[in-house]
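Reading through the structure tokens given below for one structure.
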Amino acid sequence: MIQNIIAQHTIEQLRVLINSVQRIAITCHKSPDGDALGSTLALCHVLRRLGKEAVVVTPDMAPKALEFVPGVRDLVVFTKNDKRARQVLNDAQLLFCLDFNSLHRIDRLGELVEPLQVKRVLIDHHLAPEDCFDVMISHPEASSTCELVFRVLMQLDLLKFLDTRAASCLYVGMVTDTGGFAYSCDDPDFYKIVSSLVRRRINRGWLYNQAMNNFSADSLRLQGYAINEKMRLFPEQGASLIILTKEELERFHYMRGDTETLVNKPLAIPGIYWSVFLREDADKIKVSCRSQEDFSVSEICEQYFNGGGHTNAAGGDFAGTIEEAEAVFYQVLADKFPGTAPESDTTNNEQTTTSQ
Ligand code: 5GP
Ligand code: MN
């Protein structure tokens, strides 16, 4: 038996809302990842099987590497077709908000969502959601929003509509948000849910490889370069920093998603328990952080990088130059580890490479 973790009165509230409408819009955060796409598309499949007119509207495009997720081609992408996105949102009688906790995470789509006079249902696992949802299913202890969608369907007694396609979507989010079942998956019920998905005859091995092991040659070369030449280690503070500039990204024909798991790599090194990756995008510095145990990178991202996330996986958008973002990293070292000199090691950093 999988335990019910969502309050029954919330489930009853949701049941009434779903039963009383026909047209449902579902959205997720910008730069959608496996969990955002998996959860929205799975819910959409199930609602359609229930006879609803459900549509997923994303703030921007899915990365190429996630085009294998069933249903991606049906997405209404705001940055590609804002007219259709407006139409779907204006026609909707109910809005699901999945895998984000505040309207600024959906970028300019937030301006369309804000004035809508429909009930908003949050299903999410980020800390501290904004108070702008009518029904809140917020469980930061959950591995992923996909896990929560499964639990919502289970408690609504709708699992009979969860077919192979929808189960595949949920599996993708549960795999990607746990780094391939590496973190945030200590709850034994997590594996019962995975088992229930596998029983629905998903192509598990193929999906796992598509989700976790699917990089272009350019992307692999970029990651090799980043680790070989750009990774700076700070053993005294258990930290790693990788910076990739616009010029370097261009050199390796960077495409969205190419650096997706790079930030995890330094955590393989004994003694390194938090990792920061700064990427110089066209309009901002994208910050990605990962950590182990109870070292909270979401606090760091909130406090220093205009972001947030989870204890062990967080990110942010930094408005400034790459040099300024780098200086902020050194400030974090100084603030969090007072009295230790923030010097990088001499075996694996830029300075060593250039002096050889
Ligand atoms: P990633 O490093 O894969 O981009 O993001 C890891 C996690 O950090 C995401 O699941 C999300 O929870 C959070 N995150 C990433 N970027 C941002 C951001 O710009 N703002 C906030 N609030 N959270 C972010
Ligand atoms: Mn997620």
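Given the structure is predicted, the values throughout are model-derived calculations rather than measurements. In listed order, ligands and their atoms are each counted from 1.
Between the choices Arg105, Lys30, His310, the shortest heavy-atom distance to atom 18 (C) of ligand 1 belongs to Arg105. The closest non-hydrogen atom to atom 5 (O) of ligand 1, taken over Glu302, His104, Arg279, Arg290, comes from Arg290.
For residues 91-131, every residue pair satisfying the ring-ring contact (aromatic ring centres under 6.0 Å, His included) rule, not counting sequence neighbours, is listed here: His125-His310, His126-His310. Applying the ring-ring contact (aromatic ring centres under 6.0 Å, His included) definition to pairs two or more places apart or across chains, those involving residues 204-225 are Phe68-Trp206, Tyr225-Phe252.
Between the side chains of Thr259 and Arg279, at least one donor N or O lies within less than 3.5 Å of an accepting N or O. Of the N and O atoms on the side chains of Gln87 and Asp91, not one donor lies less than 3.5 Å from an acceptor on the other residue. Counted by atom type alone, Gln223 and Ser219 present one or more donor-acceptor pairs between their side chains at under 3.5 Å. In the model, Ser291 has a side-chain atom that pairs as donor or acceptor with a side-chain atom of Asn312 under 3.5 Å.
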| said: Using the rule given for salt bridge (Lys or Arg N to Asp or Glu O under 4.0 Å), can you reason through Asp33 versus Arg105, listing the C-alpha separation, both sets of side-chain angles and the distance that settles it, and then say yes or no? | reply: CA-CA 13 Å; Asp33 57 9; Arg105 290 281 288 139; over 6 Å; no

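Residue Cys289 has no nitrogen or oxygen atom sitting less than 3.5 Å from a nitrogen or oxygen atom of ligand 1, judged on distance alone. For ligand 1, the polar-atom distance check finds no N/O of Val287 at less than 3.5 Å from any of the ligand's N/O atoms. Below 3.5 Å of separation, one finds an N or O of Ser288 facing an N or O of ligand 1. Considering backbone and side-chain atoms together, Asp33 places no N or O closer than 3.5 Å to any N or O of ligand 1.
With a cut-off of 2.8 Å, the protein N/O/S atoms near the Mn ion (ligand 2) add up to 4.
In terms of modelled atom types and a separation under 3.5 Å, the side chain of Gln237 and the main chain of Trp274 share no donor-acceptor contact. One N or O on the side chain of Asp35 and one on the backbone of Cys146 form a donor-acceptor pair closer than 3.5 Å. Side-chain N or O atoms of Asp134 include none that pairs as donor or acceptor with a backbone N or O of Val121 at under 3.5 Å.
The aromatic ring centres of Phe305 and Phe329 sit 6.0 Å or more apart.
Lys286 NZ, 3.1 Å is the protein heavy atom nearest to atom 16 (N) of ligand 1. Among all non-hydrogen protein atoms, the one lying nearest atom 12 (O) of ligand 1 is His126 NE2, 2.5 Å. Among all protein heavy atoms, the one lying closest to atom 15 (C) of ligand 1 is Gly315 CA, 3.5 Å. In this structure, the protein non-hydrogen atom closest to atom 19 (O) of ligand 1 is Gly316 CA, 3.4 Å. From the protein, the heavy atom lying nearest to atom 7 (C) of ligand 1 is Ala313 O, 3.6 Å. Ranking protein heavy atoms by distance to atom 22 (N) of ligand 1, first place goes to Gly308 N, 3.3 Å.
With sequence neighbours left out, the ring-ring contact (aromatic ring centres under 6.0 Å, His included) criterion links Phe133 to no other residue.
Applying the 4.0 Å criterion to heavy atoms of Asp317 picks out, from ligand 1, the atoms 19 (O).
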